[in-house]
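Inspection log for the structure reproduced underneath, given as structure tokens.
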Amino acid sequence: MAAALSSRFLNTVRCNRLASVSSVYQNGMMRYSSSVPSDSDTHDDFKPTQKVPPGGSTDSLKELVENDVKENPVMLYMKGVPEAPQCGFSSLAVRVLQQYNVPIGARNILEDPELKNAVKSFSHWPTFPQIFIKGEFIGGSDIILNMHKEGELEEKLKDVSANHKS
């Protein structure tokens with residue numbers, strides 16, 4: 001009898017405290033939000049918050065990517081940072097680019113999933129790393145490795161290297 005009452009009590013509490021979850025399809029992405037009923041026992045630190053304001057963050061991230069690509073002769077969106085890549089492909093891209101002694105602008109896409117999505121949307125390319133040279137999307141580590149082997153990367157970076165040395 002005590003077990004039955006305990007079970008019924010726990011089910012009632014669980015049902016009363018469940019958060020409602022809703023999803024919205026926005027800008028080609030599924031966004032989830034949740035809400036918690038007013039509950040004096042739930043501290044504000046544990047209540048869900050909306051991390052991305054609708055419409056605001058996507059635009060600012062798009063502008064960030066546009067500015068990165070425009071302001072950096074070589075821009076690399078990668079997993080990790082050039083000093084500490086966090087995947088083999090990112091490491092390969094850094095090693096190839098460092099052979100040309102060019103300044104490398106870089107952002108770690110692992111720090112912000114929204115940035116990762118903004119870069120994918122900007123380049124229309126699904127994988128990382130992503131390399132931009134003089135505002136042009138080049139591709140990933142396999143593409144620049146091939147360009148390096150064929151001598152095309154040296155030609156592409158020639159004036160970037162010259163500007164960097166002076």
Side-chain angles (χ1 to χ4, degrees), residues 19 21-36 44-166:
V21 177
S22 63
S23 62
V24 176
Y25 192 72
Q26 177 185 26
N27 296 332
M29 293 176 16
M30 188 65 77
R31 300 223 184 247
Y32 295 91
S33 65
S34 61
S35 61
V36 173
D44 288 340
D45 289 346
F46 300 105
K47 290 181 181 176
T49 59
Q50 189 169 359
K51 293 181 181 179
V52 181
S57 179
T58 304
D59 293 340
S60 62
L61 286 173
K62 180 182 176 192
E63 289 172 11
L64 175 75
V65 173
E66 288 173 355
N67 287 335
D68 281 349
V69 169
K70 184 169 53 173
E71 294 173 4
N72 294 284
V74 178
M75 186 65 202
L76 175 61
Y77 292 95
M78 62 182 289
K79 295 178 181 177
V81 293
E83 299 78 26
Q86 294 185 3
C87 85
F89 297 113
S90 292
S91 178
L92 175 62
V94 169
R95 286 192 318 244
V96 169
L97 290 169
Q98 285 177 338
Q99 290 186 16
Y100 294 92
N101 193 29
V102 294
I104 301 171
R107 288 203 188 266
N108 182 357
I109 55 131
L110 296 176
E111 291 179 350
D112 185 358
E114 294 295 325
L115 172 64
K116 182 178 179 179
N117 290 330
V119 174
K120 285 181 179 183
S121 176
F122 182 79
S123 66
H124 306 289
W125 192 261
T127 60
F128 289 90
Q130 292 191 14
I131 298 108
F132 294 83
I133 298 176
K134 295 184 268 181
E136 177 188 355
F137 175 64
I138 301 301
S141 57
D142 55 339
I143 293 172
I144 64 162
L145 178 60
N146 190 46
M147 289 175 71
H148 169 69
K149 289 177 181 177
E150 300 294 323
E152 297 171 30
L153 190 56
E154 181 177 16
E155 184 63 31
K156 192 89 165 153
L157 293 171
K158 187 168 53 176
D159 58 339
V160 173
S161 298
N163 292 337
H164 178 59
K165 291 177 184 174
S166 49

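In this text, all values refer to a predicted model and were calculated from it rather than measured experimentally.
Using modelled atom types, no side-chain atom of Ser121 and backbone atom of Asn117 make a donor-acceptor pair closer than 3.5 Å.
In this structure, the salt bridge (Lys or Arg N to Asp or Glu O under 4.0 Å) partners of Glu136, at least two apart in sequence or on a different chain, are Lys156.
A salt bridge is absent between Arg107 and Asp112; no separation between the charged side-chain nitrogens and carboxylate oxygens falls under 4.0 Å.
The CD1 atom of Ile138 lies 4.5 Å from the CD1 atom of Ile133; values are rounded to the nearest 0.5 Å. Put simply, CG on Leu110 and OG on Ser90 are 7.5 Å apart, with the number rounded to the nearest 0.5 Å. Taking CZ from Phe137 and CD from Gln130, the interatomic distance works out to 4.5 Å, rounded to the nearest 0.5 Å. From Leu97, atom CG reaches atom CZ of Arg95 across 11.5 Å, with rounding to the nearest 0.5 Å. Expressed to the nearest 0.5 Å, how far NZ of Lys62 lies from CD of Glu66 amounts to 5.0 Å.
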N/O donor-acceptor pairs under 3.5 Å from side chains in residues 69-87, not counting sequence neighbours:
from  : atom 1 : to    : atom 2 : distance (Å)
Asn72 : ND2    : Asp68 : O      : 2.9
Tyr77 : OH     : Asp68 : OD2    : 2.8

Identify every side-chain donor-acceptor pair in residues 141-152 under 3.5 Å, counting partners at least two apart or on other chains, and give the distances.
from   : atom 1 : to     : atom 2 : distance (Å)
His148 : ND1    : Tyr100 : OH     : 2.5
His148 : NE2    : Gln99  : OE1    : 3.3

>> Using side chain to side chain contact (heavy atoms under 4.5 Å, CB included), reason through Lys116 and Phe128 one step at a time and then give a plain yes or no.
In response: CA-CA 9 Å; Lys116 182 178 179 179; Phe128 289 90; 3.5 Å; yes
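The side-chain heavy atoms of Leu61 and Val65, taken from C-beta on, include no pair separated by under 4.5 Å.
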